[in-house]
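What follows is a set of notes on a single structure, which appears directly below.
Please read all numbers here as calculations on a predicted model, not as lab measurements. To find a chain, count down the sequence lines: A is the first, B the second, and so on, and within it residues start at 1.
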Amino acid sequence: MSSPLTDLAQRLAQSDVDVVRDVDVADGAGAWRALPQDAEAVARIVRAAREHERAPDSAALRLVPLGGGSRIAVSRPDLAVDGALDDTLFIDLARLTGIVEYEPGDGTLTARAGTPWHALSEAVARGGHELTPDVSPFGPTSGLGSGRSTLGGVIGAGASGPDRIQRGPVRHHVLGALVATGSGTLARSGGRLVKNVTGFDVFRLHVGGRGTLGVLCEASLRLMPRAEHEVLVSQSGLELGHALEAAERVRRSPVQPRALFVTNVQRDGQTLAVHLAGRTRQVEGDARAIRHELGVGATEISGEAARTGAAQLRDTRAHFEPSGSRAAGLALAVTSVPSAAAAVASEALSWCKGLGASPHILAWPVVARLELALPAPVGATLEAAALRGLVQRLRALGANVAFGGGALSVARALEALQLEAPRGGAAWEDALRAGLDSLGLFAPRALDVHTLSGAST
Amino acid sequence: MALDSNLLRRLRALLGDGGVIADAARCLAYESDGLGLERGVAEVVLLPAHTHEAAAAMRLLAEARVPVVARGAGTGLSGGATPVAGGAVIGTARMRKVLHVDAVDRWARVQAGVVNVDLTRACAHERLFYAPDPSSQQACTIGGNVANNSGGPHCFRYGSTGRHVLGLTVVTATGEVLELGGPGPEDEGLDLIGLFVGSEGMLGLATEVIVRLVPEPEEVETLLAIFKELDPCCDAVSDMIAARLEPSAIEILDKLTIEAVEASVLRAGYPKDAEAVLLIEVDGGHEEVDATVKDILAICARRGAIEVRRAKDAYERKKLWAGRKGAFGAMGRIAPDLYVADVVAPRTKLREIVRYATDVARERALKLSNVFHAGDGNLHPNISYDRRDADQVRRVLEAGDLIMQRCVDLGGALTGEHGVGLEKREQMCMVYGDVDLDEMTRARRALDPSGRLNPGKLMPIRGCREVRTRKPLGEVAVEHIHEQGHAGGRV
């Protein structure tokens with residue numbers, strides 16, 4: 001079967017890079033997938049793609065780095081909108097695995113980008129450490145990968161976890177990286193040190209860069225000490241407003257929780273859960289204070305049970321985005337300053353009620369992230385204009401609104417999410433893309449709003 | 001090269017007479033930053049009071065193709081703010097307003113010229129503070145901190161400047177104004193703030209900064225552990241890191257530093273007979289502090305500390321820290337000049353690198369003192385010298401080079417918080433290859449194609465292959481002096 005990339009695939013095969021065509025994969029029909037053995041092979045792929053792109057009469061191509069595929073639907077909705085992917089070469093990092101360096105005495109980790117997150121978690125746990133961001137090791141299977149979170153995928157997606165209340169976002173903990181650049185070179189910046197200002201931190205553009213500027217091949221992370229003790233205090237059956245108010249009271253108290261959750265995914269009404277982690281007596285004292293604050297009905301679990309409970313809450317996304325039915329809904333990720341969280345949530349909820357829909361909610365109130373998932377029937381039929389009304393109202397409250405997943409309405413969702421005015425740094429983003437990926441091999445395709453409404457998704 | 005008089009007139013019309021310094025004698029006050037070895041005289045020093053003034057001035061300078069060096073308080077230690085001959089300096093001395101403090105969501109918006117410590121003063125009544133605390137915090141500015149991604153003792157727990165910048169107002173090389181980020185969690189898009197922080201004034205001029213504020217801890221304990229030897233003091237720190245303890249600061253001061261501090265007005269009560277002291281601060285909830293202090297005491301005892309003192313009150317704590325933060329100044333008693341190295345080593349290698357630095361200095365008959373952020377592996381082997389003695393300068397630079405090379409060989413880096421500037425420009429090749437530097441250059445060219453912003457800093461002038469073939473070490477240092485001579489700099 002011929003494709004614009006057939007020649008390129010053949011050339012790569014000759015230079016010892018395995019290339020397969022996944023014709024049967026639902027999400028990636030027709031896409032090519034290269035499986036480089038090491039970082040040097042990734043750079044070779046980019047160089048070959050550059051030659052292809054420069055050759056007269058050759059069709060445009062797009063390079064997309066791929067980890068376990070668990071975040072790609074959210075990170076790269078442009079792929080879903082395009083439909084046909086026969087001009088796309090996925091660079092699958094499944095073979096770029098393994099820990100390069102883990103020195104428990106130094107509290108840092110360097111590993112290859114395709115290493116599964118759970119493997120890294122297990123390795124550093126043996127040295128008394130844990131990873132931040134606290135993210136699920138498994139995501140929905142996109143059909144393009146194993147569904148396992150990988151180091152490169154987590155960093156590339158800029159996926160902060162609920163622990164960012166205490167530890168900050170993922171971008172604060174990446175110490176350096178080796179990147180296959182748009183020029184076809186392997187460039188390093190930063191290092192594996194917890195403190196370092198030697199040179200420009202170019203790698204930071206790839207943290208949360210969604211693979212749109214190059215391929216992360218290897219990265220170093222600052223590790224966190226595994227807590228001596230953990231407790232999860234929760235209370236169920238709350239109104240959303242009350243749950244968020246209680247969360248805000250916790251934020252303003254001296255207690256510094258590891259994470260806070262408000263969700264209605266597991267049962268009726270909202271559940272507020274406060275995850276505490278740290279030195280044993282501090283955690284016990286904080287738990288007493290939180291129970292007192294929440295009053296009657298607050299329950300507490302501790303130790304390994306608390307750890308598991310918090311992980312389940314963290315992963316509740318899987319409940320409204322289970323693999324298979326994932327495509328049916330629409331999820332929005334809304335962030336704001338903490339004090340605006342209640343207003344943002346109430347605005348979103350009343351909009352959903354107006355549609356006759358009761359959304360699944362997962363909020364991390366202190367970091368003011370709200371995920372709102374509309375059930376399939378509403379998510380599937382929603383018009384861009386209706387969604388746009390909500391997006392505008394939320395932005396008026398100072399919130400950022402982003403696509404949070406759901407394939408059926410990707411085009412309409414993206415249309416609704418288009419910004420009226422470009423972001424403050426748009427000119428610099430464009431300049432950096434032109435400078436670091438001069439042929440636009442990694443660039444996400446610009447969405448043409450006028451054609452979106454008619455797009456088959 | 002004199003500036004075009006028409007340009008000067010337009011700059012004066014824009015910024016007023018108080019905002020334009022063009023006479024050579026007054027420009028001389030700006031000839032260097034804290035790295036006295038590197039000097040240059042600007043044609044004009046501009047002091048805008050607002051972002052729009054800075055932007056308009058930048059547009060005029062862009063039109064006239066004048067190079068621009070940004071300057072905060074001039075406390076930098078790497079020559080990052082050294083003026084370019086024939087160019088302009090844009091200082092932030094008239095941009096000193098704390099524009100907004102939001103106590104509820106814990107952030108502040110400040111002008112770039114706000115002095116670090118003034119920001120914490122401005123939010124102290126809300127029981128909040130700004131965490132990065134360079135030793136120069138009484139003078140250095142938030143804008144300068146952004147340019148260098150500055151650290152400080154408490155960055156061990158709280159992180160360097162980069163982890164505290166939420167948003168930036170940036171004037172580009174062409175005089176456009178960009179608003180990056182904001183008080184809330186980051187939006188989608190590339191992490192431009194992450195790239196900008198620490199870019200040493202080479203990508204743009206930050207005129208306003210939105211910073212994260214941190215609630216004051218419930219409890220603070222300050223400990224001073226006294227050691228008979230420097231080695232076990234270093235080992236105690238490695239043990240604390242290996243035990244994954246999280247105090248807020250872990251600092252080491254050696255004997256020469258202690259003597260200098262105790263002989264100065266900043267007398268902190270450090271024991272003069274000690275070979276080294278560990279200054280440790282633990283903060284957080286009462287029980288957390290209690291548990292961590294117990295663990296630290298056990299480690300210090302195991303490593304043979306002869307005594308551990310605990311600050312009884314805020315006054316004692318302040319005194320202990322004043323001694324630490326004034327240590328660089330106190331070194332002035334030992335010799336007229338101080339070479340402050342800023343290397344980083346993996347935290348398992350502290351003892352090794354400190355010992356190496358000591359040997360290198362001894363072999364070259366140089367006076368070395370150590371005062372450093374041990375918890376972060378960020379060492380400051382300081383060499384006291386007299387810059388009028390050319391041979392001594394040569395030996396100092398040679399020692400600095402060797403210490404940097406050893407750190408890099410052990411998996412470390414050239415600088416943890418002072419920046420590369422002019423000082424460590426050629427040594428960048430120890431850490432990075434041509435390919436790495438090419439990518440950095442591409443990023444820089446993308447944002448400042450003219451190359452007018454702080455030209456000649458950070459990036460080695462020659463290709464790394466060339467620099468590497470010019471070994472053995474030491475020749476670099478010698479050539480360094482010759483080059484300065486040719487460029488009109490004084491050593």
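Contacts between A:Arg171 and chain B at a heavy-atom distance below 4.5 Å involve the side chain alone, from C-beta outward. If you measure heavy-atom distances from A:Ser438 to chain B, you find no contacts under 4.5 Å at all. Using a 4.5 Å cut-off between heavy atoms, A:Arg251 touches chain B through backbone and side chain atoms alike. When heavy atoms are compared at a cutoff of 4.5 Å, A:Arg433 approaches chain B solely by way of its side chain, counted from C-beta outward. Heavy atoms of A:Leu193 lying under 4.5 Å from chain B belong exclusively to its side chain. Residue A:Ala434: no heavy atom, backbone or side chain, is found under 4.5 Å from chain B. With a 4.5 angstrom heavy-atom cutoff, A:Leu213 touches chain B only via side-chain atoms. When heavy atoms are compared at a cutoff of 4.5 Å, A:Pro169 approaches chain B solely by way of its side chain, counted from C-beta outward.
Taking 4.5 Å as the heavy-atom cut-off, the residues of residues 280-288 of chain A that approach chain B are A:Arg281, A:Gln282, ordered by number.
Between chain A and the options B:Gly377, B:Gly162, B:Gly189, B:Pro183, the largest number of non-hydrogen pairs under 4.5 Å is found for B:Gly189. In terms of non-hydrogen atom pairs under 4.5 Å with chain A, the most contact-rich of B:Asp102, B:Asn149, B:Val420, B:Leu192 is B:Leu192. Between chain A and the options B:Gly181, B:Gly184, B:Gly416, the largest number of non-hydrogen pairs under 4.5 Å is found for B:Gly416. Contacts with chain A were tallied for B:Thr348, B:Asp187, B:Thr172; B:Asp187 has the most, counting heavy-atom pairs under 4.5 Å. Most heavy-atom pairs under 4.5 Å with chain B, from the set A:Val207, A:Val202, A:Thr185, A:Thr108: that is A:Val202.
A 4.5 Å side-chain heavy-atom check between A:His173 and B:Arg163 finds at least one atom pair inside the cut-off. A heavy-atom distance below 4.5 Å is not found between the side chains of B:Arg444 and B:Ser199. A 4.5 Å side-chain heavy-atom check between B:Arg442 and A:Ser183 finds at least one atom pair inside the cut-off. Residues A:Arg76 and A:Pro444 are in side-chain contact: their nearest non-hydrogen atoms beyond the backbone lie under 4.5 Å apart. Two residues are said to be in side-chain contact when any heavy atoms from C-beta on lie closer than 4.5 Å; B:Val104 and A:Arg252 meet this criterion.
For the residue pair B:Thr161 and B:Asn145, no side-chain donor N or O sits within less than 3.5 Å of a side-chain acceptor on the partner. Residues A:Asn196 and A:Thr198 have side chains that bring a donor and an acceptor to within less than 3.5 angstrom of each other.
Ring planes of B:His418 and B:His380: parallel class, angle under 30° (limits at 30 and 60°).
Applying the side chain to side chain donor-acceptor pair (under 3.5 Å) rule to B:Lys457 yields the partners B:Asn454; only residues at least two apart in sequence or on another chain are considered. Shown here are the side chain to side chain donor-acceptor pair (under 3.5 Å) partners of B:Asp295, two or more places apart in sequence or in another chain: A:Arg279.
Salt bridge absent: B:Glu186 and A:Arg204 never bring a charged side-chain N and a carboxylate O closer than 4.0 Å.
A ring pair (Phe, Tyr, Trp, His ring centres under 6.0 Å) check over residues 146-187 of chain B, counting only residues at least two apart or in different chains, returns the pairs B:Phe129-B:Tyr158, B:His154-B:Trp321.
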